[in-house]
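Let me begin by presenting the structure, written as structure tokens, before commenting on it.
The sequence lines fix the lettering, A, B, ..., with proteins before strands; numbering per chain opens at 1.
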Protein chains: 2
Amino acid sequence: MDHLKSLIREVPDFPKPGINFYDITTLLKNPDGLRSTVDALAAEFEGEKIDSVIGVEARGFIFAPALAYHLGAGFVPVRKPRKLPSECAEISYDLEYGQDTLQIHRDAVGDGHRVIIADDLLATGGTARAVVDLVEQLGGTVVGLVFVVELSFLPGREKLTGYDVRSLIKYQS
Amino acid sequence: MDHLKSLIREVPDFPKPGINFYDITTLLKNPDGLRSTVDALAAEFEGEKIDSVIGVEARGFIFAPALAYHLGAGFVPVRKPRKLPSECAEISYDLEYGQDTLQIHRDAVGDGHRVIIADDLLATGGTARAVVDLVEQLGGTVVGLVFVVELSFLPGREKLTGYDVRSLIKYQS
């Protein structure tokens, strides 16, 4: 995955001083980078029977539908409140400062549905954990979680103990 | 496209009374619906040389990357202010009430780049027109615009006169 890593741009002090932002837009705009990333995400779960791939607004929408297409699955969006028009399940979870709430359509995941959660970034794991809980609240089974980038110096995996967590590119700092 | 249309859910009075919302989440969660939609979007521009497919946060992110993959192009996001980490071009445009601003990375589209703009919905055309102007500001050429759903009772196409506008599914009311 060194080829993919070389396409990611590091932006110091974004969104605030002291944070090193790993910018995947330089990977996405490169046709071979985009193709290789989607293919590598799909390869992680090749041959598994998957009903749905879930992506969280907004950056999770970039990879989850393409991954769903390649696995022969459907795509299910998780969104901020008041965006989804039909009956929703919801979950609130703690951020560094304050709280966030996410919603999913109740009819989007059924009993025993086999689900993958896909996102661009695994950092603290708070959002991913909230989505796991939402899926299980609806009776779904989380087959695995897959991320393009993992910040392995943050405790994201600890929040996902017992789940099959994959990532294509890891940063140690 | 009657098969795709049958997978779209109509939600009356969302997001406000009197509005009939065409909900594509029921199409997206259906594996065959997702696959057929992406294939049909790609078929519109098959054989064209396309450098980038542009999608606007958040729902435009659902189709544009998958379409880019199928056309052998890159994906470029257009986002709300303060989301993109590097140097941006921006545009403000009028909404029914108030204004909205969108940004794109300056290095995402180069002189003479051939670009497609993809989104789930063509309604009034305000957002699409703003993205066309952003692309041209950076020297890019808009080869076409493609939408899953077009509300043809609204004047979206009038804002895009002179451009190649495609849509898979049309609603007359």
Side-chain angles (χ1 to χ4, degrees), chain A residues 9-15 19-35 37-39 50-77 79-80 82-87 104-105 107-110 113, chain B residues 9-15 19-35 37-39 50-77 79-80 82-87 104-105 107-110 113:
Chain A
R9 167 165 57 188
E10 300 191 24
V11 182
D13 301 318
F14 185 88
I19 304 283
N20 199 27
F21 188 87
Y22 295 101
D23 176 19
I24 60 165
T25 67
T26 40
L27 169 73
L28 294 167
K29 77 174 180 178
N30 181 299
D32 179 55
L34 175 66
R35 176 175 294 264
T37 302
V38 172
D39 289 346
I50 306 297
D51 296 301
S52 312
V53 180
I54 295 189
V56 182
E57 179 176 9
R59 279 173 7 200
F61 288 4
I62 295 174
F63 295 107
L67 178 56
Y69 181 104
H70 284 270
L71 295 174
F75 164 66
V76 172
R79 300 204 67 179
K80 291 169 186 153
R82 292 175 299 280
K83 298 282 190 179
L84 291 168
S86 194
E87 203 195 332
I104 190 170
H105 274 149
D107 61 5
V109 174
H113 272 206
Chain B
R9 167 165 56 190
E10 300 191 25
V11 182
D13 300 318
F14 186 88
I19 304 283
N20 198 29
F21 189 86
Y22 295 101
D23 176 19
I24 61 165
T25 67
T26 40
L27 168 73
L28 295 167
K29 77 172 180 178
N30 180 298
D32 179 54
L34 176 66
R35 176 175 294 266
T37 303
V38 172
D39 289 346
I50 305 298
D51 296 302
S52 312
V53 180
I54 295 190
V56 181
E57 179 176 9
R59 281 173 8 200
F61 288 4
I62 295 174
F63 295 107
L67 178 56
Y69 181 104
H70 284 271
L71 295 175
F75 164 65
V76 172
R79 301 204 66 180
K80 291 169 184 150
R82 292 175 298 281
K83 297 284 189 177
L84 291 168
S86 194
E87 202 194 333
I104 190 170
H105 274 148
D107 61 5
V109 174
H113 272 207

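- Between A:D51 and B:K29, every side-chain heavy-atom pair lies at or beyond the 4.5 Å cut-off.
- Your options are B:L71, B:D32, B:D39, and the one with the most heavy-atom pairs under 4.5 Å with chain A is B:D39.
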Could you please spell out the steps behind the side chain to side chain contact (heavy atoms under 4.5 Å, CB included) verdict for A:R9 and B:S86?
CA-CA 9 Å; A:R9 167 165 57 188; B:S86 194; 3.3 Å; yes

Please walk me through it: do A:D23 and B:H105 pass side chain to side chain contact (heavy atoms under 4.5 Å, CB included)?
CA-CA 11 Å; A:D23 176 19; B:H105 274 148; 3.6 Å; yes

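- Both the backbone and the side chain of B:L84 come within less than 4.5 Å of a heavy atom in chain A.
- Between chain B and the residues A:G74, A:P85, A:A108, the largest count of heavy-atom pairs under 4.5 Å involves A:P85.
- Both the backbone and the side chain of A:Y69 come within contact range of chain B, with heavy atoms under 4.5 Å apart.
- Neither the backbone nor the side chain of A:P15 comes within contact range of chain B; no heavy atom of the residue lies under 4.5 Å from a heavy atom of that chain.
- If you tally non-hydrogen atom pairs under 4.5 Å between each of B:V109, B:T25, B:N30 and chain A, the highest count goes to B:T25.
- Contact annotation for B:D107: both backbone and side-chain heavy atoms come within less than 4.5 Å of a heavy atom of chain A.
- The aromatic rings of A:H70 and B:H70 sit parallel to each other, their planes meeting at less than 30°, with 60° as the upper class boundary.
- Counting all heavy atoms, side chain and backbone alike, A:P31 lies closest to B:G72 at CB-O, 3.4 Å.
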Indicate every side-chain donor-acceptor pair of residues 55-68 of chain A with a distance under 3.5 Å to a residue at least two apart or in another chain.
residue: A:E57; atom: OE1; partner: A:R79; partner atom: NE; Å: 3.1
residue: A:E57; atom: OE1; partner: A:K80; partner atom: N; Å: 3.0
residue: A:E57; atom: OE2; partner: A:R79; partner atom: NH2; Å: 3.0
residue: A:R59; atom: NE; partner: A:D120; partner atom: OD2; Å: 2.5
residue: A:R59; atom: NH2; partner: A:D120; partner atom: OD2; Å: 2.8

